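Before any comments, here is the structure.
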Amino acid sequence: MFEADDIREWRGHDVVDAEKRRIGSLEAVYVDTATDVPSFATVTIGLPTKRRLVFVPLAQATVGPGYLKVPWDRKVAKEAPSIDTDGELLAENEPEIFAHYGLPYSTGAGGERRLGRR
């Protein structure tokens, strides 16, 4: 296993937890707006008639043959804040995503949002 050089190339691949249990499929990458480093991914979960996108941190993500492995438990990821498959992340919802994973959150010096979709 190795770290993904360009995580964006892994769209559509399975996202699995540390035990290699499938969480869902990688849909999009959100970067930290201050550094442009991939920070979170949206992962498609749910039944074909009721899909949604959950947010999963990409810190310490690694890739294997055909999958992206994150260090977060499948259950934790599936209970994470989500948006509709055609939805948009609102700036006021960013803090709850970070809080769900116990990660610190702060806006930019001018109050800028922290995550931007790429």
Side-chain angles (χ1 to χ4, degrees):
M1 298 251 263
F2 56 93
E3 289 189 31
D5 290 329
D6 190 354
I7 198 79
R8 293 170 191 95
E9 293 179 12
W10 286 82
R11 287 186 177 132
H13 284 78
D14 284 343
V15 177
V16 300
D17 70 4
E19 303 297 319
K20 294 188 183 172
R21 295 176 295 184
R22 186 174 187 274
I23 297 169
S25 299
L26 181 65
E27 190 272 337
V29 174
Y30 284 74
V31 298
D32 184 314
T33 56
T35 63
D36 208 37
V37 172
S39 180
F40 278 84
T42 50
V43 178
T44 306
I45 66 167
L47 302 172
T49 58
K50 188 164 173 115
R51 294 198 184 275
R52 62 191 173 100
L53 302 172
V54 294
F55 288 84
V56 179
L58 289 173
Q60 300 174 10
T62 56
V63 293
Y67 63 84
L68 175 72
K69 185 166 104 173
V70 295
W72 301 96
D73 184 80
R74 176 183 173 185
K75 184 177 181 199
V76 172
K78 287 192 169 200
E79 292 173 351
S82 65
I83 57 174
D84 291 333
T85 54
D86 60 351
E88 179 180 321
L89 174 62
L90 302 175
E92 59 264 17
N93 295 341
E94 288 184 359
E96 80 178 87
I97 294 168
F98 283 77
H100 178 78
Y101 291 100
L103 301 172
Y105 177 80
S106 62
T107 59
E112 302 89 5
R113 64 183 307 158
R114 180 86 178 266
L115 299 175
R117 184 177 169 157
R118 296 283 189 270

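Just so it is clear, the structure is predicted and the values come from calculations on it, not from any experiment. Quick note: numbers below take in every heavy atom, side chains included, and nothing from hydrogens, waters or symmetry partners.
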Considering all heavy atoms of both residues, which atom of [X] and which atom of [Y] are nearest to each other, and what is their separation?
X: L68; Y: V63; value: CD1-CG1, 3.7 Å
X: T33; Y: G116; value: CG2-N, 3.7 Å
X: E27; Y: T44; value: CB-OG1, 3.6 Å
X: L115; Y: L89; value: CD1-CD2, 4.0 Å
X: V29; Y: P38; value: CG1-CB, 3.8 Å
X: S25; Y: V15; value: C-CG2, 4.2 Å

statement: In short, ring-ring contact (aromatic ring centres under 6.0 Å, His included) pairs touching residues 18-45 with sequence neighbours left out are Y30-F55, F40-F98

message: Suppose the criterion is salt bridge (charged side-chain N to carboxylate O under 4.0 Å, His left out): which pairs have a residue in residues 90-108, not counting sequence neighbours?
response: E94-R113

Got a second to check how far [X]'s [atom1] is from [Y]'s [atom2], nearest 0.5 Å?
X: S82; Y: N93; atom1: OG; atom2: CG; answer: 10.0 Å
X: T85; Y: R52; atom1: OG1; atom2: CZ; answer: 11.5 Å
X: D17; Y: I23; atom1: CG; atom2: CD1; answer: 5.5 Å

message: Under the rule for salt bridge (charged side-chain N to carboxylate O under 4.0 Å, His left out), what residues qualify as partners of R51, not counting sequence neighbours?
response: none

message: Restricting to side chain to side chain contact (heavy atoms under 4.5 Å, CB included), what partner residues turn up for T35, sequence neighbours left out?
response: D32, V37

Exercise answer: donor-acceptor pairs, residues 70-80 side-chain atoms, under 3.5 Å, sequence neighbours excluded:
residue: D73; atom: OD1; partner: R21; partner atom: NH2; Å: 2.6
residue: D73; atom: OD2; partner: K75; partner atom: N; Å: 2.9
residue: R74; atom: NE; partner: R22; partner atom: O; Å: 3.2

query: Does E88 reach the side chain of I83, with side-chain heavy atoms less than 4.5 Å apart?
result: no

- prompt: Any donor and acceptor pair, going by atom type alone, linking the side chain of T42 with main-chain N or O of A28 inside 3.5 Å?
  reply: yes

statement: By side chain to side chain donor-acceptor pair (under 3.5 Å), S39 pairs with (sequence neighbours left out) none

